[in-house]
Amino acid sequence: MYLALLVIFLQCSELYAQGKVYQVFTFNGVKIKVEPSDKVKNGAPMSIICHADISKNTDFQLKHNFTFFKDGKLVFMAISDKEDARYEIPVAKSADTGDYECRVKAGDKLVISKPIYVWVAGMTKPILTADKKEVSEGEIVKLRCELPEEVPPLEFFFRKTKTNSEPIEKRVAEQNQNFSEMEYYVEAGDNILQFDCFGKRQVKSGWESSQHSNKTLVTVKEPFRKPTLITTPSNNFTEGDIIEFECSTVAAEMRGIEIIFQKNRTILNSVRDKKFLKYSTLATQEDSGEYLCKVEQGAVSKTTKLNVFVSELFPKPTLSASMTQLDENKDLILNCSINGLRRANFSILRKSSSGDILLKKSRILAIKVNVNDTGSYTCKAEVKGIVKESKPVRISVYAPVSKPTLSVVSGSPEVVLGKPLQLICHSVMGTPPITFTFYKGDEIKKNVTNDTYATFLDEDIGLNDNGGYKCDARNNHSSGVKTSNILNVTVIVPIRGASLGSVPYGEVEVGSDTTFLCSVNEGSWPIDFKFFKKTDHEVLLHEVREYSDRTIWHKKTMKRKDTGTYYCMASNRASVDVRSHPITISVILAAWQKGVIAAFVLTAMAGAGAVALWWFLRKKKKAKGPSMEMSGSALAPNLTSEKLTRPPSDGNYYSGSGYIEDNENHMKSTDESKDSMENRHSRIYGHPDAT
């Protein structure tokens, strides 16, 4: 029974499996849209709708996971069996502006829509608050501007408006907050201040601005009033009058009040913790101009200006001189005068770095001058306590120049050809400035104005420039020009092309003399010649000074050790050493010395040959004794056998014979017996069959 039930169950399962249909679906696409449109007004409702387009093989339920993103950040999620989902924003704000996209996931499949840009036009109205409603001049007002519901980054603009003035605007960028703060310094003169602000944010189309905030009023109190500056008796004065200034203010609290009185940038007087200041002075024309009275307390400063005019009582005096440039021991007259006025107290002074030197209290000064009187002179005139000074007059007193001396800077009156020549012209006496003129021949080369000397560099030196330099010196003295003596300069031609020769050349016999000749192609005399032999180091053999372009050196009794390389060197006052090419000298034996050596060698060889012959004959005689007892037929074979079997060690005889034969071209012997013996010897050792 159980087996039957099992069979029935398996058959039913197989039938069910054969009748089952797999659920298949695919995404055709995902789209996103905005209602009512992709541009929404700030505060209006907005809906972001995501629709998934899906195809199925059968009608079955499918769960959809919807995810909404704004600018890459998750903002909303929904799970639905429908193919649509809505992200509702009841009140759109500017912060809702951005790129939106939705992602739909079903099963293990995920599809992302293309992004859509939504612009919520308009920003919330900013709120402006101030920490104070009433301030004093010099205090700080702190403002705060906030854009509720806006998202940074934002830019804030604060505006300050004075009464009857255009707004002054300041900008602040905020990257991390939706509010900004600004401090304003309340300046002197501010009365009622009005502040407001607005904000901006950046959108794809550019910048978007908010409305202006509420206006905030701040009332300003004065700690003290603007100062009053007056002069008595009036604002117009004449030189010699007394000018009296008074500067005053009204303050709620005098503590810390400072009054400063100044002209241009110069402070003339000041007081503290007082409400007024007084200042008086004797009027001069230099006192004309603008004066300032400044009152300060803490950070507040207020200024009042006043112009004062002082008319001239008399003009500045004029100092005239009979001459401004004159010779020493001449008469000088200085005259001080005022145009249109003759009654005044005059004085004449000389200017000095340590202070003015009073020369005379008078209109006129007459003196006989010397060079120490050179300088600047002025005169002063006094009327009613007013002292005025003239413009300075420069007086120059000249002593005559002395006759100049012209010399070469290096000291020696000569110059190397091609090198520059520097001359100096100097006058011991004479009041500067002195003008020096250099001449080369009759041609002016240079003019120099200096105190006591001048230099001239002649860079064009030729072979014919052997003299003709002079110089002139003159100053403003009436004696005129002084001329130096003519300076003759010697032009030194450097050495060029040194060469060395010898007689005999190449080989020299021992004991003979050798003559060396060293010469140059050109060069100024005298010339220093030096002869050297090359060894491990340079060896100076001979030196001489010649007023010529060549020199000869006789070296006597040459020896074998004199073999070597020789060269010479030439120089003159141009201080340039010129070296010749080297030559080689070989010291050899003389002919008679060679003959003596040859005779000695031959004599030695002849003696050796005689000894050898004696030895040979003696040995032969001993050999013949026993042979007399033998038959004649047996003698020849034995001798022949002995000759043929002689060892090669007897070859030293051939060497002796050969040496004599080699020397027969150089010397001949008259000893016939010796020749005979040598020929016999040769025959014996050169030809064996002849025995």
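Positions are given from 1 along the sequence. Both backbone and side-chain heavy atoms feed into the values below; hydrogens, waters and symmetry mates do not.
- Under a 4.0 Å N-O distance rule, the pair Glu181/Lys142 qualifies as a salt bridge.
- Without hydrogens or angle criteria, Glu208 side chain to Gly122 main chain gives a donor-acceptor distance under 3.5 Å.
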Please step through side chain to side chain contact (heavy atoms under 4.5 Å, CB included) for the pair Ile386 and Thr284, ending with a clear verdict.
-> CA-CA 7 Å; Ile386 301 299; Thr284 64; 3.9 Å; yes
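- Heavy-atom minimum distance, Asp287 versus Lys263: O-CE, 3.6 Å.
- Side chains of Glu239 and Val310 form a contact here, defined as non-hydrogen atoms less than 4.5 Å apart.
- Taking the six-membered ring where tryptophan is involved, the planes of Tyr184 and Phe195 are tilted, since the angle between them lies from 30° to 60°.
- Contact detail for Gly375 and Arg394: the closest heavy-atom pair is CA-NH1, 3.4 Å.
- Ser478 and Asp327 form a side-chain donor-acceptor contact under 3.5 Å, judged by distance and modelled atom types alone.
- Using a cut-off of 4.0 Å between Lys/Arg side-chain N and Asp/Glu carboxylate O, Glu443 and Lys445 are scored as salt-bridged.
- For the pair Lys482 and Asp472, the salt-bridge criterion is not met [side-chain N within less than 4.0 Å of a carboxylate O].
- Val369 has its side chain within reach of Ile367: a pair of non-hydrogen atoms, C-beta onward, lies under 4.5 Å apart.
- Residues Ser280 and Ile242 share a closest heavy-atom pair of CB-CG2, 4.4 Å.
- Between Phe245 and Tyr279, the ring planes lie tilted relative to each other; the angle falls in the 30° to 60° range.
- Panel note: side chain Asn214, backbone Ile127; no donor-acceptor pair is recorded below 3.5 Å.
- Under the 4.5 Å side-chain criterion, counting only non-hydrogen atoms from C-beta, Ser347 is in contact with Leu349.
- Ile333 places none of its side-chain heavy atoms less than 4.5 Å from the side chain of Asp331.
- Pro420 and Val415 get closest at one heavy-atom pair: O-CG2, 3.8 Å.
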May I have the step-by-step check of side chain to side chain contact (heavy atoms under 4.5 Å, CB included) for Ser484 and Thr405, ending in yes or no?
-> CA-CA 5 Å; Ser484 71; Thr405 57; 6.0 Å; no
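- The backbone N or O of Gly256 sits less than 3.5 Å from a side-chain atom of Asp273, completing a donor-acceptor pair.
- For the pair Val220/Ile192, no side-chain contact is recorded, criterion being any heavy-atom separation below 4.5 Å from C-beta on.
- Within the 3.5 Å criterion, the main-chain N or O of Arg255 finds a donor-acceptor partner in the side chain of Gln297.
- A donor-acceptor pair under 3.5 Å links the side-chain atoms of Thr374 to the main chain of Val397, judged by distance alone.
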Before giving the answer on side chain to side chain contact (heavy atoms under 4.5 Å, CB included), spell out for Leu334 and Leu332 the whole-Å C-alpha distance, their side-chain angles and the decisive distance to 0.1 Å.
-> CA-CA 7 Å; Leu334 299 175; Leu332 172 66; 4.3 Å; yes
Please assess Lys388 against Glu312 for the test side chain to side chain contact (heavy atoms under 4.5 Å, CB included), listing each intermediate value before the final yes or no.
-> CA-CA 11 Å; Lys388 294 187 178 183; Glu312 187 178 61; 3.2 Å; yes
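- Put simply, the side chain of Leu423 does not reach to within 4.5 Å of the side chain of Asp458, judged on heavy atoms.
- Ring geometry, Tyr87 versus Phe68: the interplanar angle falls from 30° to 60°, so the pair is classed tilted.
- Atoms OG1 and CG, on Thr161 and Leu217 in that order, are 10.0 Å from each other to the nearest 0.5 Å.
- A pairwise comparison of heavy atoms in Met323 and Gln325 identifies CE-O, 3.2 Å as the closest pair.
- Side-chain contact between Ser301 and Lys294 is present, with at least one heavy-atom pair separated by less than 4.5 Å.
- Side chain to side chain, Thr124 and Glu149 fail the donor-acceptor criterion of an N or O pair below 3.5 Å.
- In this structure the side chain of Ser311 reaches within 4.5 angstrom of the side chain of Thr238, judged on heavy atoms.
- Lys403 and Asn485 are linked by a side-chain donor-acceptor pair at a separation below 3.5 angstrom, with hydrogens and angles left out of the test.
- Although no hydrogens or angles enter the test, the distance criterion places no donor-acceptor pair under 3.5 Å between the side chain of Arg159 and the main chain of Glu169.
- Side-chain N/O atoms of Thr318 and Ser337 include no donor and acceptor closer than 3.5 Å.
- With hydrogens and angles disregarded, no donor-acceptor distance shorter than 3.5 Å links the side chain of Ser376 to the backbone of Lys351.
- Under the 3.5 Å distance criterion, the side-chain polar atoms of Thr249 are matched with a main-chain donor or acceptor of Arg225.
- Across every non-hydrogen atom of Ala44 and Val40, the tightest pair is CB-CG1, 3.9 Å.
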